[in-house]
Amino acid sequence: MTACDPPTPAARPLALAATGLVATVALYMAFVAFGNITDFGTNQEFVRHVLAMDTTFKDEDLMWRAVESRTVQDIAYVAIIAWETVAALVLIAASVQWAAALRGGAFARARRTASLGLLMVLLLFGVGFIAVGGEWFAMWQSEDWNGLEAATRNFVVAGLALVVVHLPAGEGGRRAPGTARGEGGTGSVAPSPDRR
């Protein structure tokens, strides 16, 4: 099987799953970015409160981390929206590439694009919300402005999608027993000597 062959019947369900998961995350990220652009103030307050740490336990050992400058808070919020928008666009492109690959396109290109977009989502929610927001700015202490549950959910879904995208059957090919990934050209099963 070459990079331009359609998936084998056995691999088609996995390729469809990868396409569906990437498209789902793309749609979600597009809605998130669109919502933050058109309803700017709602999540702007969330970011301001998290960075200001004004609804945490206000432990003096942690409060030095607080960012109280509205300008810096708003720059952070705009950067989040820009990141969400780019991630959504990359994932939309990846969804189109996966759909084309189902009809005989290149899975490698779709996989690379999807990986980039999904890694952007993982970084946003894993590093940005869980690590920085949750731990550095102690968002977990806030009863009113705690987004850890939603961030964890988004992180897990994007992570699952990334795993499915990288399962080898997504290309429709299988490696011959004893061959390493990348051997044999396209990763297809090598013919046995008696079949030549």
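Numbers for residues simply follow the sequence, beginning at 1.
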Verdict with supporting geometry, Gln97 and Phe107, side-chain contact (heavy atoms from CB on, under 4.5 Å)
CA-CA 8 Å; Gln97 291 170 354; Phe107 280 98; over 6 Å; no
Test side-chain contact (heavy atoms from CB on, under 4.5 Å) applied to Tyr28 and Asn154, step by step
CA-CA 9 Å; Tyr28 176 77; Asn154 293 323; 3.1 Å; yes
Could you walk me through whether Asp59 and Met63 satisfy the side-chain contact (heavy atoms from CB on, under 4.5 Å) test, starting with their C-alpha distance in whole Å, then the side-chain angles of each, then the deciding distance to 0.1 Å, before giving a yes or no?
CA-CA 6 Å; Asp59 182 332; Met63 289 307 292; 5.7 Å; no
Val72 and Leu51: CA distance, side-chain angles, deciding distance, side-chain contact (heavy atoms from CB on, under 4.5 Å) verdict:
CA-CA 9 Å; Val72 174; Leu51 295 181; 5.7 Å; no
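Residues Phe31 and Met120 fall into different hydrophobic clusters, defined by Ile, Leu, Val, Met, Phe, Trp and Tyr side chains chained together at heavy-atom separations under 4.5 Å. Follow the hydrophobic side-chain contacts under 4.5 Å out from Leu122 and you never reach Leu89; the two are in separate clusters. Hydrophobic cluster membership differs between Val22 and Val156, with clusters built from Ile, Leu, Val, Met, Phe, Trp and Tyr side chains linked at under 4.5 angstrom. Under a hydrophobic clustering in which Ile, Leu, Val, Met, Phe, Trp and Tyr are joined whenever their side-chain heavy atoms come within less than 4.5 Å, directly or via other members, Leu123 and Leu91 fall into the same cluster. There is no path of hydrophobic side-chain contacts, each under 4.5 Å, that joins Leu27 to Val32.
Scanning both residues, Ala114 and Trp98, for their nearest heavy atoms gives CB-NE1, 3.7 Å. A pairwise comparison of heavy atoms in Ala138 and Leu62 identifies CB-CD1, 4.3 Å as the closest pair. What you find for Thr19 and Ala99 is that their closest heavy atoms are CG2-N, 4.1 Å. Taking all atoms of both residues into account, the shortest heavy-atom contact from Gly117 to Ala87 is O-CB, 4.4 Å. Across all their heavy atoms, Ile92 and Ala26 have their closest contact at N-CB, 3.7 Å.
The CZ atom of Phe46 lies 10.5 Å from the CG atom of Asn36; values are rounded to the nearest 0.5 Å. Put simply, CG on Asp74 and OH on Tyr77 are 9.5 Å apart, with the number rounded to the nearest 0.5 Å. The CD1 atom of Ile75 lies 12.5 Å from the CD1 atom of Ile80; values are rounded to the nearest 0.5 Å.
Not a single donor-acceptor pair under 3.5 Å links the side chain of Glu68 to the backbone N or O of Ala52. Side-chain atoms of Thr56 come within 3.5 Å of backbone atoms of Met53 as a donor-acceptor pair (strictly under, hydrogens ignored). Between the side chain of Arg48 and the main chain of Gln73, no donor-acceptor pair closer than 3.5 Å is present. Put simply, the side chain of Glu135 never gets that close to the backbone of Ile130: no donor and acceptor are under 3.5 Å apart. The backbone N or O of Phe137 sits nowhere less than 3.5 Å from a side-chain atom of Arg65 that would complete a donor-acceptor pair.
Counting heavy atoms from C-beta outward, Val165 and Leu21 have side chains that stay 4.5 Å or more apart. With contacts defined as side-chain heavy-atom distances shorter than 4.5 Å, the pair Met29/Thr85 does not qualify. Counting heavy atoms from C-beta outward, Val78 and Phe40 have side chains that approach closer than 4.5 Å.
Of the N and O atoms on the side chains of Ser142 and His49, not one donor lies less than 3.5 Å from an acceptor on the other residue. In summary, the side chains of Asp39 and Thr42 do present a donor paired with an acceptor at a separation below 3.5 Å, with no hydrogens or angles considered.
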List, one per line, each side-chain donor-acceptor pair under 3.5 Å for residues 146-153, sequence neighbours excluded.
residue, atom, partner, partner atom, Å
Asn146, OD1, Leu148, N, 3.0
Thr152, OG1, Leu148, O, 2.8

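Note: Trp136 and Trp64 meet the aromatic proximity criterion, with ring centroids under 6.0 Å apart.
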